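These figures come from a predicted structure and were not determined experimentally. Both ligands and their constituent atoms are indexed starting at 1 by order of listing.
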Amino acid sequence: MTDVEEKTEILMDHYRSPHNYGKMESPTAELLEYNPVCGDAVQMFVKLKGNMVEDVKFIGRGCSISQGSASMVTDMARGKSVEEIMGITPQHLLNLIGLPLGPSREKCALLPLNTLQKCLARLGRENVKI
Ligand code: FES
């Protein structure tokens, strides 16, 4: 099996059997975002304990790349601090997925990370207001 075949299989496994899929009761923060190009969606739910992500879940609809990536992002985020998640770069996630993606497919792949980071950034602003 080539590296690309192996990475495709990993992504498709996440798509077919997503990790951390479902709504969350009383999350610390949640956010629904759309890919404006296709209308596909990812909603992230985060439960923080102090500054750490104790739990993270998602629901969504869309292509295998966006939904498989959402599953991978939630796996990556659990147990990390808010700062660590805000420091994850698009390239880091694209490297983890490890597939050659064109610009429009990169947007699919990055939708979950963007949603999670916006969700946490918004929470920070709300905290400042309190
Ligand atoms: Fe819509 Fe991929 S085609 S997110």
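Contact residues for ligand 1 (protein heavy atom closer than 4.0 angstrom to any ligand atom): N35, C38, D40, C63, S66, R105, C108.
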Per-pair distances, 0.1 Å, donor-acceptor, side chain in residues 97-109, under 3.5 Å, sequence neighbours excluded:
none

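H19 meets the ring pair (Phe, Tyr, Trp, His ring centres under 6.0 Å) test with H14; sequence neighbours excluded. Qualifying ring pair (Phe, Tyr, Trp, His ring centres under 6.0 Å) partners for F45, counting only residues two or more places apart in sequence or in other chains: none.
Two residues are said to be in side-chain contact when any heavy atoms from C-beta on lie closer than 4.5 Å; L11 and M72 meet this criterion. Residues P112 and V42 meet the side-chain proximity criterion, which asks for heavy atoms closer than 4.5 Å. Here the side chains of Q43 and T115 are not in contact, with every heavy-atom distance at 4.5 Å or above.
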